[in-house]
Peer 1: 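There's a structure below that I have some questions on.
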Amino acid sequence: MSSEISAYKRDMIMHWHHTGYSVDETACLLKLPHQAVIDVINHEHTPADTIHPVGAQDVPLF
């Protein structure tokens with residue numbers, strides 16, 4: 001569900017979460033489902049996948 005939320009709103013959710021807004025207040029202000037706000041907050045605490053281009057480290061530098 002959080003994939004349907006724009007990056008701007010995700011940034012707002014995380015900013016408000018760090019400044020102390022409750023999940024209920026955030027969901028109400030952004031007109032989002034309560035669970036969507038929780039999903040965005042929980043997603044921040046999971047390790048991000050790092051994407052490495054295939055073969056980028058095998059390129060000779062000479």
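Just so you know, these numbers come straight off a predicted model, no measurement behind them. Residues take their numbers from the sequence shown, with the count starting at 1.
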Peer 1: So Ile41 and Ile13, do their side chains get closer than 4.5 Å, heavy atoms only?
Peer 2: yes

Peer 1: Considering only heavy atoms from C-beta outward, does the side chain of Met14 approach that of His18 to under 4.5 Å?
Peer 2: yes

Peer 1: Would you find more than 12 non-hydrogen atoms of other residues, nucleotides or ligands less than 6.0 Å from His34 atom NE2?
Peer 2: yes

Peer 1: Which of these passes side-chain contact (heavy atoms from CB on, under 4.5 Å) with Val37: Asn42, Thr26, Asp24, Leu29?
Peer 2: Thr26

Peer 1: So Leu30 and Met12, do their side chains get closer than 4.5 Å, heavy atoms only?
Peer 2: yes

Peer 1: Could you tell me whether a side-chain N or O of Arg10 sits under 3.5 Å from a main-chain N or O of Ile5, the two making a donor and an acceptor?
Peer 2: yes

